Protein chains: 2
Amino acid sequence: MSSRSQAIADTLTRAILDHRLVPGCKLGERELSEIFDVSRIVIRQSLIRLADDGLAQIERNRGAFVAHPSMQDAMEIYDALTLVEQGVAAQLSDRLGPAGWAELRQHVERQRQAVAVGNDALADVLGQEFHTVFVRLSRNKVMQEIHAQLVRRTTLLRSLITADFDYCNLLDDHARVIELLEKGRLKQAMELIDAHHRSVVRGYIMDRQVFPELTPREALEPYLNTKAGEQPKPAPRKEKKESKTRAHAHVHADE
Amino acid sequence: MSSRSQAIADTLTRAILDHRLVPGCKLGERELSEIFDVSRIVIRQSLIRLADDGLAQIERNRGAFVAHPSMQDAMEIYDALTLVEQGVAAQLSDRLGPAGWAELRQHVERQRQAVAVGNDALADVLGQEFHTVFVRLSRNKVMQEIHAQLVRRTTLLRSLITADFDYCNLLDDHARVIELLEKGRLKQAMELIDAHHRSVVRGYIMDRQVFPELTPREALEPYLNTKAGEQPKPAPRKEKKESKTRAHAHVHADE
DNA sequence: AACACAGGATTGGATATCAATCAATAAGAA
DNA sequence: TTCTTATTGATTGATATCCAATCCTGTGTT
């Protein structure tokens with residue numbers, strides 16, 4: 001494995017993406033060093049990595065915090081994501097072979113089955129993964145990394161919103177995008193991608209204040225027991241609140 | 001000022017982009033710590049930043065080196081850059097106001113005058129800057145940062161090639177792109193951007209071996225005297241070799 | 001209540017030290 | 001001689017401890 005600081009940065013990233021560490025949460029060096037049982041310097045390096053990735057913000061002489069993007073940031077991130085995925089779509093419509101289209105359709109089918117079975121958690125994961133698979137088919141590692149970073153930041157954004165709008169009309173967008181692209185209707189596919197993301201960001205209602213709910217120690221505890229990189233992922237999201245979701249209880253946080 | 005490690009990372013970046021530190025060059029912690037007169041830890045943090053930016057590569061227990069991208073990497077970087085600039089072009093063709101178009105035209109005009117006067121160095125800088133200005137007009141900081149990183153990596157790539165082909169046919173591409181975009185001929189503009197980059201990467205002949213020519217200490221010395229972030233930039237590129245350039249002596253490393 | 005000040009806590013950084021690993025040399029066998 | 005192996009040196013990864021600068025807070029004064 002690579003360096004310790006990278007491993008810790010990965011763990012922190014996981015915790016942030018799982019919404020266990022919420023925006024604005026203080027990431028104190030001493031506290032983290034005690035939690036991970038490493039020196040402060042290793043923590044510092046991890047925090048630098050997180051900051052470079054846009055998930056943390058370091059303020060001089062004040063310390064590091066989980067990034068707290070503004071509404072403006074959110075729109076820019078989604079704009080960038082749209083731009084990237086549209087570009088990849090354009091490339092794939094030219095260059096993708098039959099095996100690639102098959103993989104995409106297969107992925108959508110797996111998600112559809114997960115929904116049919118009622119396994120919403122799996123459906124969520126597959127829904128997220130679709131975009132990653134999509135970009136992977138471009139066979140461009142640079143683009144993949146850029147896209148992955150943007151996806152991480154959108155996942156962070158979801159910590160800031162009250163997911164109280166209907167995602168269900170987005171469920172079939174993936175299949176439709178594939179269909180349109182295969183038919184060579186690139187322009188329509190790109191518009192759909194744009195609408196897909198735009199409808200998500202329009203639903204955003206960013207709560208300026210976010211309650212930590214979990215101390216860093218509590219938030220990170222599940223990731224520490226299994227030292228090997230297994231997937232603990234107990235994912236105790238703030239579903240406890242009175243269900244603000246309107247009609248649909250199973251929210252597919254696809255985007 | 002932000003942290004010391006960021007300042008040093010910036011200096012190292014400058015040195016790499018100025019081709020004073022060439023791909024494969026060892027970036028020893030002890031050596032750099034003596035050069036910058038800081039502890040190894042600060043250097044380590046700087047190297048982490050550089051690695052995250054794709055300009056350095058850290059190998060476990062072996063140290064950091066200036067990144068040495070492969071031909072495959074080069075193509076991927078240019079593909080990504082093309083994708084980003086095409087996307088931005090599409091956005092600008094919709095959203096850019098008259099002031100924006102004026103700024104672009106003005107920039108091209110300044111470069112043209114620099115060429116006319118024979119100030120090739122300035123023309124080079126302006127040629128590089130054009131793309132940055134272009135993306136800045138999208139008013140998307142996230143996209144700007146992604147683009148800037150890609151540009152840095154293309155600049156690094158230029159350390160690896162023998163610039164022995166004719167850039168001159170690319171000189172007016174910028175003006176043509178603006179013209180096409182303003183006329184709403186988006187598709188043609190995007191194709192031109194693609195061709196622009198593609199013609200550059202096609203000219204690449206990557207020399208597997210790169211002679212350091214300068215030790216890190218020599219390479220970094222010019223940046224140290226002026227402690228305040230002035231621009232020393234003596235840029236003693238390897239122009240010393242017998243001019244391999246074919247017909248055109250003044251190579252506009254526009255891309 | 002408003003302000004100023006002092007103290008504590010935290011970060012940024014330096015130094016010294018140690019273990020682990022890699023590289024290159026030196027020693028030894030075929 | 002040449003190939004293999006062992007030793008040594010150098011460098012990295014990481015820790016502990018220490019110090020200065022800065023920020024936050026709480027108290028005391030006006």
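It should be emphasised that the depicted structure is a prediction, and the values quoted were computed from it without experimental measurement. Every chain is numbered from 1 and lettered A, B, ... according to where its sequence line falls, protein lines coming before strand lines.
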* Going through the checks in order, is the side-chain hydrogen bond (donor to acceptor under 3.5 Å, both in side chains) test met by Gln128(A) and Asp124(A)? -> CA-CA 6 Å; Gln128(A) 298 246 50; Asp124(A) 266 12; over 6 Å; no

* Structure fact -> Picking from dG13(C), dT10(C), dT15(D), the nucleotide nearest the side-chain atoms of Ser3(B) would be dG13(C)

* Please tell me which of the listed nucleotides, dT12(D), dA14(D), dG13(D), lies nearest to the side chain of Arg30(B)? => dT12(D)

For [X] and [N], what is the distance between atoms [atom1] and [atom2] respectively, to the nearest whole Å?
X	N	atom1	atom2	value
Phe65(A)	dC24(D)	CZ	P	8 Å
Ile48(B)	dG12(C)	CD1	C1'	15 Å
Glu31(A)	dT11(C)	CD	P	10 Å
Asn61(A)	dA20(D)	CG	C1'	10 Å
Arg60(B)	dT12(D)	CZ	C1'	9 Å
Ile43(A)	dG13(C)	CD1	C1'	17 Å
Phe36(B)	dG13(C)	CZ	P	14 Å
Glu29(B)	dA14(D)	CD	C1'	11 Å

* Asked: Would one find a side-chain N or O of Arg40(A) under 4.0 angstrom from OP1 or OP2 of dT11(C)?
  -> no

* May I ask you to verify if any side-chain N or O of Arg44(B) is less than 4.0 angstrom from the OP1 or OP2 atom of dG13(D)? => yes

* To do: By nearest nucleotide on DNA chain C, pick out whichever of Ile41(B) and Arg62(B) is the more 5' one.
  => Ile41(B)

* **For Phe36(A) against Arg4(A), the heavy-atom pair lying closest together** => O-NH2, 4.1 Å

* Structure fact -> What one should report as the nearest heavy-atom pair of Pro23(A) and Leu160(A) is CG-CG, 3.7 Å

* To do: Show your reasoning for whether side-chain hydrogen bond (donor to acceptor under 3.5 Å, both in side chains) applies to Glu76(B) and Gln72(B).
  => CA-CA 6 Å; Glu76(B) 292 187 359; Gln72(B) 171 76 15; 2.9 Å; yes

* To do: Answer yes if the ring centres of His131(A) and His107(A) are under 6.0 angstrom apart, and no otherwise.
  => no

* Between Gly63(B) and Val38(A), who's closer to the 5' end of DNA chain D by nearest nucleotide? -> Gly63(B)

